[in-house]
Trainee: 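The structure's right below; bear with me while I get my questions together.
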Amino acid sequence: MSPAKTFAVSLLSLILAAAAVAQTMHLNSALTSTSGGDAAATKEAPKLEHFDPTAIDKTLDPCDDFYKYSCNKWLTANPIPAEEVFWSTGSGLQLWNESLLRETLEAASANDPKRDPVHQKIGDYWAACMDESGIETAGLKQLQPALARIAALKSKKDLTLEIARLHHMYPGAWLQSDNQTNAPFFGFTGQQDYDDASKVVAQIDQGGLSLPNRDYYLNTDDKSVELLKKYRAHVQKMFALSGESETQATADAGIILELETALAKPQMDNVKRRDPKNINNKMTLAQVRELTPSIDWVAYLKAVKAPASDHYIVTSPDFFRAEEKLIQEHPLEHWQTYLRWQVIHLSAPYMTKALVDENFDFFARALAGQPEMQPRWRRCVRAADRDLGEALGQAYVDRAFPPDSKARTIQMVHSIERALSADIQSLAWMSPVTKEQAVTKLKGIEDKIGYPSHWRDYSSVKITRSSYLDNAEQSTSTEFDRWVAKVGKPVDRTEWTMTPPTIDAYYDPQLNTINFPAGILQPPFFDFSQDDAVNYGAIGMVIGHEIIHGFDDQGRKFDAHGNLRDWWTADDGKQYDERGKCISDEYTQDVPDAGPGVKQNGLLTQGEDTADNGGMRLALNALEASLKQDGKSLDDQGPDGWTYRQRFFLSSAYSWCANVRPEIARLVVTTDPHSLPVFRIDNVVSNMSEFQQAFGCKAGQKMVRANACRVW
Ligand SMILES: [Zn+2]
């Protein structure tokens with residue numbers, strides 16, 4: 001996985017990879033690592049789910065809880081395995097994809113001098129990752145140079161170069177998620193300029209935390225306090241495992257909690273960060289230096305080989321002001337402890353069983369509720385996908401994504417884009433001048449299906465069989481350099497920030513592209529063997545969702561060229577905000593699955609919820625047009641005794657059936673802009689008269705919302 005751009009929005013961080021959410025929010029799915037001794041794990045082909053009308057629970061009323069009606073039998077028959085934090089109809093696909101990748105990796109790992117460079121890299125990466133006994137033998141030796149360097153720092157002036165080294169080396173140290181970067185002290189990368197999307201400039205982001213976001217340090221409810229206590233114990237254990245005495249480790253854990261909490265306080269929260277205007281703070285280098293004089297920015301930029309930037313975007317100046325004060329207030333020894341913690345924490349997934357187990361125990365078990373670790377082969381497959389994804393992904397595309405699948409997907413994308421064009425024209429609340437702008441933006445969307453038009457070159461990444469940690473660091477530093485080197489260069493419109501086998505999709509507002517990796521163009525989302533009603537219900541909703549992201553509360557602020565520019569008349573903007581508020585009010589709701597008193601913040605999820613609602617409607621309209629071409633209508637009888645309209649909604653719900661552990665539900669509600677699966681169906685259909693028509697629902701029933709919301 002590549003670093004997500006600040007405003008690129010994905011379909012699902014939940015199904016993306018349990019581990020990605022469950023771990024430290026580094027989008028680093030390898031973090032649950034431990035040794036599992038499972039080299040001989042079963043190789044039987046995992047089962048793909050296909051839309052199954054017999055799973056519908058006809059004893060229930062579709063107008064009372066449509067998600068339950070559609071999913072109940074499946075949910076009962078498919079409890080969550082111990083090594084997962086959720087289990088969904090898409091989970092079989094996750095395993096299926098991983099198994100294909102494993103076969104490719106194993107075949108490439110034979111130490112054959114005749115291998116081509118691509119197979120050498122992915123094969124040796126796999127061999128080093130699977131070599132648990134080699135990793136045990138190496139012990140903590142590999143951390144010694146970094147720890148010795150940190151111990152030798154003479155003054156706070158020396159901190160800067162060490163920060164640059166950590167950013168450059170450690171997987172997950174700088175990757176940005178929707179909310180923040182977890183990089184030590186701050187994040188740094190190349191980023192398209194918000195006002196002029198043709199330019200790449202340097203962006204400096206708030207960072208420094210190890211927990212998913214600021215709330216985890218600052219919330220005062222019982223659950224949060226208890227989790228923070230467990231985190232303190234975890235930090236203490238990690239220090240002890242790295243060789244510190246109990247007394248020292250306890251004192252050091254106290255320092256980490258104190259520093260990270262102090263860094264959490266001044267961070268901009270994730271709702272405020274949703275508005276690009278709030279983070280688009282342009283500064284000159286002189287202003288950046290003035291903001292945080294304790295960081296030697298000239299030395300930092302030189303160390304990370306950053307080209308000169310037209311200006312610097314500082315996402316959260318308040319954070320940097322506070323960080324400056326903190327650096328001044330705390331003695332050097334505290335910052336040495338902080339850097340030591342970062343080295344141990346960030347390298348843990350690649351280290352010995354003791355570190356891997358302890359890391360899992362907190363970040364997966366306590367934080368996400370995952371009882372058991374996944375087998376090592378799965379963790380190594382995902383690490384290889386993250387670090388060498390476009391090398392590994394080529395074989396996946398060859399095996400799993402035939403040209404027929406691509407052609408049919410493109411057809412669906414075009415028909416859904418036509419549906420949005422018609423929808424825009426039909427809107428009573430939007431003026432003709434804004435409609436024209438909206439259509440221009442829609443026409444400007446570039447559709448990327450399956451895989452990139454040319455593959456990334458990994459020739460400069462040095463991969464050997466001898467060290468998993470080295471390989472991960474090599475990949476990270478090459479990727480870090482690649483992003484930083486973009487500064488001042490023309491924008492590459494062809495590249496992807498998801499690898500081909502990824503089960504997800506995204507919209508990038510600054511490139512104005514929708515992107516559907518081959519990994520999600522598989523059952524139960526896209527199913528070549530099924531009719532249009534099933535496909536528009538499942539992947540069609542996903543396609544509509546990504547297109548609508550160009551027109552949600554965040555996406556609508558960018559124009560067809562990806563520039564942050566207000567193309568709305570004042571009155572249309574006001575009309576939009578009223579409709580958006582209906583959505584955010586509706587989704588500010590209790591989440592019983594996450595525990596008593598847990599409430600979703602509809603302001604955080606508004607963009608995703610708008611995309612779900614609009615996406616479902618567009619997909620239905622596109623299905624109607626497709627049926628019309630065959631002389632049929634939505635309410636005609638289709639296969640299995642359902643009308644096409646019913647089949648559409650049933651397939652959509654089926655593709656979202658998911659059992660979710662309460663801990664991960666809580667994590668999603670706190671940090672994730674996506675609603676939980678049940679709401680992605682029930683809230684959406686209860687806003688749609690088209691649904692009520694399908695199942696004959698009447699006013700007063702739960703799936704008929706009195707105050708139905710509609711933006712698109
Ligand atoms: Zn989305």
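What's counted below: heavy atoms across the whole structure, side chains too, no hydrogens, waters or symmetry copies. Counting starts at 1 for both ligands and their atoms, in listed order.
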Trainee: When T315 is tested against each of M268, Q267, Q203 for side-chain contact (heavy atoms from CB on, under 4.5 Å), which residue passes?
Mentor: Q203
Trainee: Enumerate the protein N/O/S atoms at a distance below 2.8 Å from the Zn ion (ligand 1), ignoring waters.
Mentor: S10 O, H545 NE2, H549 NE2, E608 OE1
Trainee: Verify whether the ring centers belonging to F691 and F695 lie closer than 6.0 Å.
Mentor: yes
Trainee: Decide whether a cation-pi geometry holds between K702 and F66; the criteria are a distance under 6.0 Å from NZ or CZ to the six-membered ring centre and an angle within 45° of the ring axis.
Mentor: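 No, K702 does not lie over the aromatic ring of F66.
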Trainee: With S675, which of V591, D682, D609 fulfils side-chain contact (heavy atoms from CB on, under 4.5 Å)?
Mentor: D609
Trainee: I'd like to know whether NZ of K581 has more than 12 heavy-atom contacts from other residues, nucleotides or ligands below 6.0 angstrom.
Mentor: no
Trainee: One pair to check against side chain to side chain contact (heavy atoms under 4.5 Å, CB included): I539 and T409. What are the steps and the verdict?
Mentor: CA-CA 9 Å; I539 196 71; T409 307; 5.6 Å; no
